[in-house]
Amino acid sequence: MRPELQAFTRAWTRVITDHTVLRHSRSEVYGLLETFARHIDATLRADPFTPEPARRIGADLVVAGLATPELLGRTTTLIGRHFAAADHLPAFLGALITGHTTALIDQTVAAQEELRRAELRRDAARFGLTDLPDRAALLSRLRTALSAPQSRVGLCLLNVDRFRTINDSLGYRSGDQVLRTVAHRLGRLAAASGHFAAHLGADSFALLMAGTTGPDEVTKAADQALAAIAHTFPINNGYHLPIGASVGVVERPGAGTDPAALLGAAERALEWAKRERRGRWMVFDPDRAALEAARHALSAEMPDALTRGEFIVYYQPLVDLAGGTAAGAEALVRWRHPVHGLLAPGRFIDLAEHTGLIVPLGEAVLRQACAQAAAWRAPLFVSVNIAAAQLRRPGLPAMISAILDETALPPYRLQLEVTENVLLDPEMLGTLDDLARIGVRIALDDFGTGTCRLADISNLPVHTLKIAACFIAFLRDDPYAVTGPDRTVLTSIINLGRDLDLSVTVEGIETPDQARRLLELGCDTGQGYHWGRPQPAESITDFSAGEAGI
Ligand code: C2E
Ligand code: MG
Ligand code: MG
């Protein structure tokens, strides 16, 4: 092996063994990764480049036990560093991540199914509960259907809604009875329409259709299955229990389709249906699955990206409308991603909120922003967005005090932007009070788009209302509109702010007319492309001179 490939394998082994407990020794891991390293090298050098081998490498990593998103993140980072000069690196990494993620999802589905089977085996009396064929029979039918040349197949996966509740509240015997009833109704439908019905275990059923002509035919069958199942079920004392199910639907040509992939696709669609359209069907959408895989990969990369300092803060001036000079700046995070380039927060903030990474990420943003504000020569304030998850963590006020001390920024020069929804939560309100006691300013961001009781605002430790951009869009067409619902809403919010003695800021100002009109209507500060887009700290050189680039 070439020395640089050996160096890569050594670095990879170190990264993997340092961060995971594997069953293998370090030298065994090295042996394993050596083979992978060769494949990676060969795939990156292949001319022309094709993504399939890269996808396979991703999937094989899962099979080899390197199956966590974290290991994937570390691996892609390392490949990115060692093969930085390779022409097809971004496409290669994209395909590797897709392969890994898809295999991981398949593995999770298989593991869940294994758990379900074990559950059923434990309760032997419940096995063979229905007369329908089982999963093995379905797979064998599926293989036959897929092998017929030029044929298409359709699959509906059904899962009884709220089955656990039925079991828990009415007892296993009633639960079994419900499953038997569902099986009976599905079996009858399948016999009448020539489809193949199976009981996959617990509360999961399938309907297989061979020789379909398109998805519509399968969704029609899903509707029929739902109608067949959706009858009430008699329970004790003359009561009737409504039963329903959610369905995942997939339909595709048999050629090139693998039974596990088809089942996996139907499982995903079923998951979506359970989450979003309970009691109805959803069709597998490959674009959505790819998007979810990409988002999954992105959230897997975030912890390392944070350690490597890839999250940077941009600043956008908050301008005093009367004087036309900057009063402060909003700190807006960006991800300088090694493969995808500069990512806006819309791509990753919700992921960070979902995984909890928003807490350390928010802290990093606060630290950078306060240090930056302390370095500006003009005494401008910096306005930092705070997520609900940060407010819910105990210790936020102490952390902010520590950062202010560390950076020597006076508290009045820090403003925290929270959404009005936090006002509904007494715990977060308590934290806001503590923060206000430190002396930092608090702004209600995107005001008017959330839910809050106006009556509450007067008692709150809030200093600023930040009016969301959507409320001023109409001013672009007609800055002097004197009537209309938009104008009424805008002036009501401004008046509310003035009456409560709050400072009023407007975001999304894009034209000079909007700026002028908002000053006349009584707003204090504004922010928007009219004065400048968010920029890296180094680009806002005028800030340090106190001119603020306007
Ligand atoms: P936001 O706090 O309401 O920030 C204002 C957004 O409007 C920014 O988008 C800004 O670039 C954009 N904007 C500014 N002027 C104009 C304009 O004239 N026209 C239009 N169309 N847009 C304008 P950005 O930077 O993409 O940030 C989006 C959102 O991400 C922010 O909305 C905020 O909710 C969130 N966010 C950004 N940084 C952080 C952070 O550090 N922590 C948390 N928790 N959220 C953040
Ligand atoms: Mg904001
Ligand atoms: Mg906003």
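Ligands are counted one by one from 1 in listed order, and the atoms in each one are counted from 1 as well.
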task: Please say whether the positively charged group of R413, taken as NZ for Lys or CZ for Arg, lies over the ring of F381, i.e. under 6.0 angstrom from the six-membered ring centre and within 45 degrees of the axis.
output: no
message: On a heavy-atom basis, which atom in D446 and which in E420 lie closest, and how many Å separate them?
response: O-OE2, 3.6 Å
task: Determine, using ring centers only, whether F83 and F92 are less than 6.0 Å apart.
output: no
query: Between R517 and E520, is there a side-chain N and carboxylate O pair less than 4.0 Å apart?
result: yes
field: Electrostatic pair E417:K466 at N-O distance under 4.0 angstrom
entry: yes
- request: For W281, check ring-ring contact (aromatic ring centres under 6.0 Å, His included) against everything at least two apart and list the hits.
  value: none
message: I'd like to know if the side chain of E276 and the backbone of A273 have a donor-acceptor N/O pair within less than 3.5 Å.
response: no
message: We want to know whether S246 and R277 form a side-chain donor-acceptor pair, criterion being a heavy-atom distance below 3.5 angstrom.
response: no
Within less than 2.8 Å of the Mg ion (ligand 2): protein N, O or S atom count: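 Protein heteroatoms (N, O, S) closer than 2.8 Å to the Mg ion (ligand 2) number 4.
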message: List the residues meeting side-chain contact (heavy atoms from CB on, under 4.5 Å) with R308, not counting sequence neighbours, and say none if there are none.
response: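 So R308 forms a side-chain contact (heavy atoms from CB on, under 4.5 Å) with T77, D304, A305, E310.
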- request: At a heavy-atom distance under 4.0 Å, which protein residues reach ligand 1? Sort them by chain and number, would you?
  value: Q316, E330, L332, V333, R334, P345, I349, I358, V365, N385, A387, E417, D445, D446, E507, G508, I509, E510, G528, Y529, P534
